[in-house]
There are 2 protein chains.
Amino acid sequence: MDNISHTEENYLKAIFKIAEKEEGRPVNTNAISTEMKTTAASVTDMLNRLSKKELIHYEKYKGVTLTIKGGRTATRLVRKHRLWEVFLVEKLHFSWDEVHDMAEELEHIQSEELVERLYDYLGRPKFDPHGDPIPDAEGNFTFRKQAPLADLHLGEKGIVVGVQDHSAAFLQYLDRLQLSLGAQVTVIERFDYDESMKITLNGDKEHIVSKKVSQNLFVEKQ
Amino acid sequence: MDNISHTEENYLKAIFKIAEKEEGRPVNTNAISTEMKTTAASVTDMLNRLSKKELIHYEKYKGVTLTIKGGRTATRLVRKHRLWEVFLVEKLHFSWDEVHDMAEELEHIQSEELVERLYDYLGRPKFDPHGDPIPDAEGNFTFRKQAPLADLHLGEKGIVVGVQDHSAAFLQYLDRLQLSLGAQVTVIERFDYDESMKITLNGDKEHIVSKKVSQNLFVEKQ
DNA sequence: TACAATTTTTAGATTAATCTAAATAATATT
DNA sequence: AATATTATTTAGATTAATCTAAAAATTGTA
Ligand SMILES: [Mn+2]
Ligand SMILES: [Mn+2]
Ligand SMILES: [Mn+2]
Ligand SMILES: [Mn+2]
């Protein structure tokens, strides 16, 4: 009755993630099939199953939203995923571009007690290795007034606090430039031609970063 | 082709465990169905599947043995299971009677790299919280010349190194008596009547332990 | 050896999760 | 408004993992 399979959990997380971007509007079938790398027919099938379990509100052709129960399950998963990522980076010294797939499996470990002990063990972190907020045990997220680096004006300073693009390629590129979380960046020149910008890193190293990079990097203005 | 499901992994581990007790004789269907808490029919079905994947040698009505590949998979699972148990006890401070079910899930996390990093992180342990040996990355077990406490003669001393019975009830009972791994016990009296014995614990506390307890506790003679 | 008991396998169903192909509904475009 | 396009659902199959009930093989015993 109450048992939720790994697959069902992954669907709930996918719906949660899409709903976040879409600011709560009903999530449609195709968006889910893309996110889950599966067919629309499979999604429809699963939506009926999740609906019967009262994890989503679903009306044919109208898309879905999470119920309270479905939302709680999804945020629990996000909490577990991000805490395991912290563990892998902080304790086992994996780099931030290696941990996602492992966390994708670890997030399904049942025990609530385990998660909460892990949380304490890790020093009650508020953010994961990519700067994403870790919801607390009640499901509340810490919000931060962050903006893409691209939004900084000439002369403005910011601290790198997160990424939009979580791909290994982007994360490795940032490593190469030493643009890690906590780094201080200052915009010292902006090029209208291709919307790239020149920045200094911790008041020292200079870099030119492309529009794509500056749009995918979140900073907290200073 | 090469993908092994959680369920298949659990069957391999069950076969490995039974084969250990039976000293390599072919493992029969009913033994597996008991260990897996499932029906004989389901086991037969799974044996055909494992056989097709070349994880076991199987002949109808003759029982099964693990192939090299099946054996390697099983010992890797045992390694993972026991390392996670060490993690849960040493780092998250669970007690030894709480960790089995969590490890039963954690053992299925794929990444080999994760296991080896965990191994280093834990200080390359050779034994799990119940005193069971942790096979190394190549699948070799450390053997110990251990015997049930019941085998100690009057006046003999031993160090508690493991348990036969892994049930929470037994482990909690041992906790109550402070009979934990590493404790030194000396047999100071043996009662023929019910085969119980009186022991001293670390040369101090005295206890009378039943036959059942002394048979389920492993010691290393001194 | 013959019969009984036990063990194992087979047959036939069920449920979860997936797929392809076809049908239907919703939306966009002339 | 009619038609074309896109999105979604339905129909029908497949595979893994399980079950119950019945059949068959093996083992134990008189
Ligand atoms: Mn992740
Ligand atoms: Mn997952
Ligand atoms: Mn265990
Ligand atoms: Mn398991």
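Naming convention: chains lettered A, B, ... in sequence-line order (proteins, then strands); numbering from 1 in each chain.
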Q) Between D:dT8 atom C1' and A:Met46 atom CE, what is the distance in whole Å? A) 17 Å

Q) Is any side-chain N or O of B:Ser42 closer than 4.0 Å to OP1 or OP2 of D:dT18? A) no

Q: Would you indicate what B:Asn28 reaches in the nucleic acid, counting non-hydrogen atoms under 4.0 angstrom: base, sugar-phosphate, or nothing?
A: sugar-phosphate

Q: Identify, between A:Asp45 and B:Ala31, the residue whose nearest nucleotide on DNA chain C lies closer to the 5' end.
A: B:Ala31

**Q.** Separation of D:dA16 C1' from B:Tyr11 OH (nearest whole Å)
**A.** 11 Å

**Q.** d(NZ, A:Lys52; P, C:dA16) in whole Å
**A.** 8 Å

Q: Could you tell me the separation between the NE2 atom of B:His6 and the P atom of D:dA17, rounded to a whole number of Å?
A: 11 Å

Q: Choose from D:dA17, C:dT9, D:dT8 the nucleotide whose nearest atom is closest to any side-chain atom of A:Ala40.
A: D:dT8

Q) Aromatic rings A:His108 and A:His6: how do their planes relate, parallel, tilted or perpendicular, breaks at 30° and 60°? A) parallel

Q. Taking all non-hydrogen atoms of both residues, which atom of A:Phe94 and which atom of A:Val99 are closest, and how far apart?
A. CB-CG1, 3.6 Å

**Q.** Pair B:Glu156 + B:Arg190: basic N to acidic O under 4.0 Å
**A.** no

**Q.** B:Thr38 side-chain proximity, nearest of D:dT18, D:dT8, D:dA17
**A.** D:dT18

Q: Check the angle between the aromatic planes of B:Tyr121 and B:Phe87 and answer parallel, tilted or perpendicular using the 30° and 60° thresholds.
A: tilted

Q | Closest nucleotide among D:dA11, C:dA11, D:dA16 to the A:Ala41 side chain | A | D:dA11

Q | Qualifying residue, where the test is salt bridge (Lys or Arg N to Asp or Glu O under 4.0 Å) with A:Arg76 and the options are A:Glu107, A:Glu116, A:Glu9 | A | A:Glu116

Q | Any A:Lys62 side-chain N or O less than 4.0 Å from OP1/OP2 of D:dT8 | A | no

Q) If you look at every strand shown and take non-hydrogen atoms under 4.0 Å, does B:Thr39 touch a base, only sugar-phosphate, or nothing? A) base

Q: Tell me which nucleotide among C:dT8, D:dT18, D:dT10 gets nearest to the side chain of B:Thr29.
A: C:dT8

Q: Take atom CG of B:Leu55 and atom P of D:dA16, then tell me their distance rounded to the nearest Å.
A: 13 Å

Q | Whole angstrom value for the distance that separates C1' of C:dA17 from CG of A:Asn48 | A | 13 Å

Q: Quickly, which of A:Glu20, A:Glu104, A:Glu35 forms a salt bridge (Lys or Arg N to Asp or Glu O under 4.0 Å) with A:Lys13? Name it, please.
A: A:Glu104

Q.
OP1 or OP2 of D:dT9 versus the side-chain N and O atoms of A:Tyr58: is any pair under 4.0 Å?
A. yes

Q. Between C:dT9, D:dT9, C:dA16, which one does the side chain of A:Tyr61 approach most closely?
A. D:dT9

Q: Report yes if at least one side-chain N or O of A:Asn30 is closer than 4.0 Å to OP1 or OP2 of D:dT8; otherwise report no.
A: yes

**Q.** Rounded distance in Å - CD1 (A:Ile32) to C1' (D:dT9)
**A.** 14 Å

Q. Nearest to the side chain of A:Glu8 - C:dA17, C:dT10, D:dT10?
A. C:dA17

Q: For C:dA16, take OP1 and OP2 only and decide whether either is under 4.0 Å from a side-chain N or O of A:Arg49.
A: no

Q) Rounded to the nearest Å, what distance is computed from the CG atom of residue B:Asn10 to the P atom of nucleotide D:dA17? A) 11 Å

